[in-house]
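See below for the structure under consideration.
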Amino acid sequence: MIELSDEIKSIPHSPTLWANDLVWEKRAKGETVYHMGFGESPFPVPERLQKALADNADKKEYYPAAGIPELLETIREYYRPLVGDYVDQCDLITAPGSKLILFALQAAIKGDLLYPDPSWVSYVPQAKLLHTKSIRVPLTLNDSGYHIDPDVLRECIKKARAEGLNPSKIILNSPNNPAGTNIPADEMEGIAKVCQEEGIFIISDEIYGLVSFDGEYNSITKYAPGISAITTGLSKHLSLGGWRFGVGFIPKGVEGLQGALCRYISETWSCINGPLQFAAIEAYKGHKDVEDHIKACTDIHALMNGTISGGLKDLGIDCPQARGAFYTYPNFAPFKKELAAAGIKTSQDVHVALLEKYNLATLPGKAFGAPEDVLTLRLSGCDYRDKAAEALKAYQNGEELNMAFVEKYAPRVLESIEIFGRFLADAGANTNKKAA
Ligand SMILES: Cc1ncc(COP(=O)(O)O)c(C=O)c1O
């Protein structure tokens, strides 16, 4: 009998893509579905990039594994003002999406993974596929989001070592998915110090780095350049997830790492497709029209996510204000008793109830590393794909970003907030009392 491996069998379909598939299915049946389950920026491809891709359709060779030199140099110069001379201490690689670079880095660094709770859904399954263990680092919540206490990180490392594990790498994500938290400079410094002292390699997932609402770009590489890699790409700030373009900054300080990654690429995806490599050069040239586009999209993300967190807070739900990315990560803890009485006891229960009874797709906190009974959900504020191009144009033509803008271009975002109110009321909760 031909058997599947235990690792493959233990990996569920990526929860984000699963929710998306389900929404497509329901919408195909003509149902109105509120889609807060999938973090896909809805804006159109800038014309300059569409043209560059079309103009390079004849580029058909196998290119160097890391990427064509002109592309790598253009990316290096684009990042210089953002991360300083760290760019000179690195080699670059490119891949069909940063997800594959995260996987390749996990494969390349021996040992077990430290992952923050909450953090993105794919880090732990990737570790599992690589037969390594994942070690949870609980974060603490305050008004500005979820934070890593460097002392807690050190304790987790020590405890894991005492249990016979080999913590050797951590993945950090700022701004982060699921909570939209930006890691502040002093916290980065503290984490970097622990990682230096404990010999932990840092994988800094900066895929949302250019979707920071205050326009600040913060990178932990400033504090630990020799032991930190950056993974990033075009998927988020340019809404190009389906183009599959990722970049890795690989520190020369880790001997042999770049060579190992290039060998890995040569045995897996070989190189990224040619037309995309040439088009990506235009995305990193710093053209004013492209930069203005990125800024405008980020401003609209700030409006949508601010509206969601504000609306949920008004209902009495705990919801830190997002500082970047496309997400909010509310916690229904204030209504735990009422929800339990209605049979809703886990984040999965909240997620299923919302989808089945109200056609509102979300993702359960469980998928982001939270214990089952912690009632968190990840909400994506991107459910206005049908009007996104119009909204962007309107904003670029001077329309103000306010509640009327949300009402006009993203009515489902507002209706989703109302659904949360109905969901709580149906469970017997007094939302007005909580908010007062
Ligand atoms: C936190 C985070 N990291 C990495 C990725 C992967 O992005 P991509 O493979 O499109 O570059 C995503 C995509 O959803 C993400 O949310």
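What you see is a predicted model, and the numbers here were worked out from it, not measured in a lab. Each ligand, and each atom within it, is numbered from 1 in the order the structure gives. We use all heavy atoms of the structure for the numbers below, so side chains are in, but hydrogens, waters and symmetry mates are not.
Glu206 and Ser219 share a side-chain donor-acceptor pair at under 3.5 Å. Inspection of the Arg244 and Asn273 side chains reveals no N or O donor paired with an N or O acceptor under 3.5 Å. Side-chain contact check for Tyr223 and Gln196: no donor-acceptor pair (N or O, by modelled atom type) lies under 3.5 Å. One side chain, Thr232 or Tyr79, offers a donor N or O that lies under 3.5 Å from an acceptor on the other. In the model, Ser416 has no side-chain atom that pairs as donor or acceptor with a side-chain atom of Asp383 under 3.5 Å. Defined by atom type and a distance below 3.5 Å, a donor-acceptor pair is present between the side-chain atoms of Tyr123 and Asp205. When only modelled atom types and interatomic distance are considered, Gln348 and Thr346 share no side-chain donor-acceptor pair under 3.5 Å.
Considering backbone and side-chain atoms alike, Arg244 places an N or O below 3.5 Å from some N or O of ligand 1. In terms of polar-atom proximity, defined here as any N/O pair under 3.5 Å, Tyr327 makes no such contact with ligand 1.
The shortest contact between atom 12 (C) of ligand 1 and any protein heavy atom is with Trp120 CZ2, 3.3 Å. Among all non-hydrogen protein atoms, the one lying nearest atom 3 (N) of ligand 1 is Asp205 OD2, 2.6 Å.
For atom 8 (P) of ligand 1, the candidate residues are Ser98, Ala325, Gly39; the nearest heavy-atom contact is made by Ser98. When Lys236, Lys99, Glu206 are checked for heavy-atom proximity to atom 13 (C) of ligand 1, Lys236 turns out nearest.
Under a 4.0 Å criterion applied to the non-hydrogen atoms of Asn173, ligand 1 contributes the atoms 1 (C). Atom numbering of ligand 1 starts at 1 in the shown order; those under 4.0 Å from a heavy atom of Gly97 are 9 (O), 11 (O). Residue-ligand proximity, Ser235 to ligand 1, at heavy-atom distances under 4.0 Å covers atoms 8 (P), 10 (O), 11 (O).
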